[in-house]
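Presented below is the structure to which this report refers.
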Amino acid sequence: MTRPVLDVRDLKKIYGQGEATVHALRGVNLTVERGDYVAIMGSSGSGKSTLMNILGALDIPSSGTYLLDGVDVSRLGDRQLALARNRLIGFIFQAFNLIPRTSAVANVELPLAYAGVKPKERRRRAMAALDIVGLAERAKHEPNQLSGGQQQRVAVARALVTEPALLLADEPTGNLDTRSTEDVLNVFDQLSAAGRTIVLITHEPEVGDRAKRLIRLVDGDIVADVRQSPIHRPPVGAFSGGRHAQ
Amino acid sequence: MSFYEVVRFALRGLSANKLRSALTMLGILIGVAAVILLVAVGNGSAKAVSDRIEALGTNTVTVMSTGRGGSSSTALTKDMADALVDPVLAPDVKSVSPVVSSSSTVTYEGTDHDVSSFVGTTPGWFAASNTPVGQGAAFTADDEAQGRRVVVIGQTVAEELFPGVDPIDKQVTVGGALFTVIGVLEEKSSTGFQDANDTAVAPLTAVRQVLTGYGSLNSILVEAKDPDKVDAVQSEVSTILNQKMNVTTGSSTTPYRIQNASQLLETQTETADTFTTLLGAVAAISLLVGGIGITNIMLVTVTERTREIGIRKALGAPRRVILTQFLIEATLLSVIGGALGVAAALIGSNFEIVGVKPVIVPSSVGLALGVSIAIGLFFGGLPASRAARLRPIDALRYE
């Protein structure tokens with residue numbers, strides 16, 4: 001049995017002090033196996049964004065342990081954390097968060113640059129990643145010359161270019177129209193079919209329905225954990241669009 | 001990640017915001033150039049003043065009466081001037097020129113000109129006071145002895161009375177008497193507000209006869225044989241004058257005052273130093289203001305890019321790399337801006353500014369550059385390091 005990609009034990013996050021204390025997470029336990037495609041759903045204020053930020057090593061939990069690919073992230077120093085974010089995690093934001101006035105391919109290259117990959121190799125891998133999300137011909141465009149869906153696909157390419165153990169997506173379709181949502185979800189389906197581990201949060205049911213496993217979060221607690229399709233099969237929606245098949 | 005890569009990141013960061021980068025550099029440029037130029041102007045005017053005083057001759061002393069109203073006991077007389085020419089009591093004296101002067105109106109063919117300083121003296125004065133004759137000739141000892149009415153005029157007088165005409169041998173009317181112009185003085189640079197070229201020089205005897213009467217002298221110009229002997233001459237002169245004017249030895253007040261050109265130079269240099277200090281203070285303030293400008297832009301730049309720092313951290317950028325990138329950006333901005341400022345100041349110093357030829361003080365270049373770069377680095381680095389220390393999620397949420 002391989003070790004899980006994600007292993008979260010009794011994770012708590014408390015904001016504020018005294019009267020104003022907010023328990024964003026009240027002891028979450030979660031294990032995600034390699035190759036799984038997990039959607040976390042919950043209404044706003046359910047703590048799903050907090051959970052996502054902690055899983056992405058962008059924020060630190062108040063208590064509990066968090067093993068990422070067997071590494072205890074809560075005990076890492078600044079330098080190791082940077083390394084973990086770079087090598088183990090690919091993070092996709094709701095607001096895309098591309099670096100402005102910088103071309104798509106340069107954005108995708110950025111994590112590789114921080115990983116110390118040589119420029120030629122970097123360019124090759126960035127182009128390959130852009131090809132996966134179907135934007136190879138837009139490589140020279142800057143973010144403001146791309147549509148929302150295209151920007152988000154560039155962000156997906158950036159997240160997967162380092163071949164991380166885990167892809168995390170924080171409401172990746174939250175800012176997108178139906179068509180762009182479809183484009184981005186197709187990319188996720190293919191990535192899942194290719195064996196990538198994906199965890200995303202959403203409040204749109206049609207996004208949650210396509211995942212292999214659906215978790216519902218209410219007030220900082222997991223209230224439901226449903227397997228919708230087996231881990232080692234392609235997800236339900238895969239190849240329905242077909243245009244980005246590898 | 002190699003240093004070279006970080007430099008490329010920094011260059012890309014700067015070129016992504018060309019206008020802002022250019023404006024930041026402009027601010028630094030102006031600050032640095034202003035400091036260097038202001039100090040250069042102060043230094044240049046100080047230098048000009050000391051040059052002019054040196055041109056007056058540093059080997060003379062001037063004796064002036066301290067008495068007011070010309071009472072006989074304090075007045076300087078021709079007799080005293082003659083007594084100063086004494087090879088025994090005053091061996092270091094080269095020449096003595098008694099001087100009377102007054103302002104008077106000079107008329108030529110119906111054109112009037114008020115000469116502010118109409119000087120009556122002896123021929124030795126031209127050499128002693130470092131006032132060479134440019135055109136024509138000075139009057140001679142014989143002219144002086146005979147009381148001939150001849151006059152040597154300054155450039156301003158020549159231009160006013162004889163526009164486009166050769167003034168030599170023309171007759172002008174001064175105080176009701178006719179004087180023949182025999183020479184024009186060389187143009188002199190002016191000290192202070194008075195026009196040094198608005199002058200006319202005539203034999204002492206003639207001026208006394210026509211203008212001032214046979215009263216006291218205004219001053220006596222004594223020339224030493226050697227610039228080193230000026231102090232000796234000063235004591236010799238005071239010994240003779242004390243004798244002549246019956247001043248008791250040890251008396252603290254004398255009816256005359258001896259002015260020494262090197263003393264004058266000293267006081268003027270002190271004044272000039274004060275002036276330079278003043279300009280330096282103004283320059284320091286402008287550097288401070290320039291520095292606050294740099295600070296402001298650096299703070300805004302980094303604050304505005306805190307989100308970008310968050311993105312970079314989320315992608316796995318170590319703190320050190322982010323800090324280095326922003327420090328290099330700040331360094332490039334302040335170094336390039338500072339270098340351009342030095343260039344602008346060097347170009348600007350080739351031109352006269354409010355009548356002063358600026359003289360660059362090398363230390364001001366170093367100081368201005370150093371301060372602007374230090375400010376750029378500090379205020380570029382400080383917020384960048386603060387932002388780099390933030391948790392990525394806080395940096396990303398930063399507005």
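Residue numbering restarts at 1 for every chain, and letters A, B, ... go by the order of the sequence lines.
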message: Quiz question: by atom type and distance under 3.5 Å, do the side chains of A:Asn97 and B:Arg307 form a donor-acceptor pair?
response: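 Yes, B:Arg307 and A:Asn97 have a side-chain donor paired with an acceptor closer than 3.5 Å.
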
task: State, without any angle test, whether A:Gln152 and A:Ser180 hold a side-chain donor-acceptor pair at a distance under 3.5 Å.
output: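 Side chains of A:Gln152 and A:Ser180: no pair found under 3.5 Å.
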
- request: Select one option (side chain, backbone, both, neither) describing which atoms of B:Arg389 are under 4.5 Å from chain A's heavy atoms.
  value: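 Neither part.
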
query: By a 4.5 Å heavy-atom criterion (distance strictly below it), what part of B:Arg305 contacts chain A: side chain, backbone, both, or neither?
result: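 Nothing of B:Arg305, per the 4.5 Å heavy-atom cut-off to chain A.
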
task: Sort A:Asp78 into side chain, backbone, both or neither according to what part of it lies under 4.5 angstrom from a heavy atom of chain B.
output: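 When you check distances to chain B, only side chain atoms of A:Asp78 fall under 4.5 Å.
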
Indicate every side-chain donor-acceptor pair of residues 357-384 of chain B with a distance under 3.5 Å to a residue at least two apart or in another chain.
from, atom 1, to, atom 2, distance (Å)
B:Lys357, NZ, B:Ser349, O, 3.0
B:Ser364, OG, B:Val361, O, 2.7
B:Ser372, OG, B:Ala368, O, 3.3
B:Ser372, OG, B:Leu369, O, 3.1

query: Counting heavy-atom pairs under 4.5 Å to chain A, which of B:Gly316, B:Gly13, B:Pro318 comes out on top?
result: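 Ranked by contacts with chain A, first place is B:Gly316.
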
message: Tell me if a side-chain donor or acceptor on A:Thr173 pairs with a main-chain N or O of A:Leu176 at a distance below 3.5 Å.
response: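 Not a single qualifying donor-acceptor pair exists.
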
- request: May I ask you to decide if B:Ala330's main-chain N or O and B:Ser334's side chain share a donor-acceptor pair within less than 3.5 Å?
  value: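 At least one qualifying donor-acceptor pair exists.
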
Give a yes or no on whether a salt bridge exists between [X] and [Y], defined as a side-chain N under 4.0 angstrom from a carboxylate O.
| X | Y | answer |
| --- | --- | --- |
| A:Lys118 | B:Glu5 | no |
| A:Asp170 | A:Lys48 | no |
| A:Asp69 | A:Arg34 | yes |
| A:Asp219 | A:Arg26 | no |

- request: Name the option with the most non-hydrogen atom pairs under 4.5 Å to chain B; the candidates are A:Thr162, A:Thr102, A:Ile60.
  value: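 Option with the greatest count: A:Ile60.
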
task: Just give me the residue among A:Pro119, A:Pro111, A:Gly56 that pairs up with chain B most often, heavy atom to heavy atom, under 4.5 Å.
output: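 Of the options given, most contacts go to A:Pro111.
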
message: At under 4.5 Å between heavy atoms, what parts of residues 80-95 of chain A are in contact with chain B? List them by residue number.
response: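 Residues in range: A:Ala82, A:Arg85, A:Asn86, A:Phe93, A:Ala95.
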
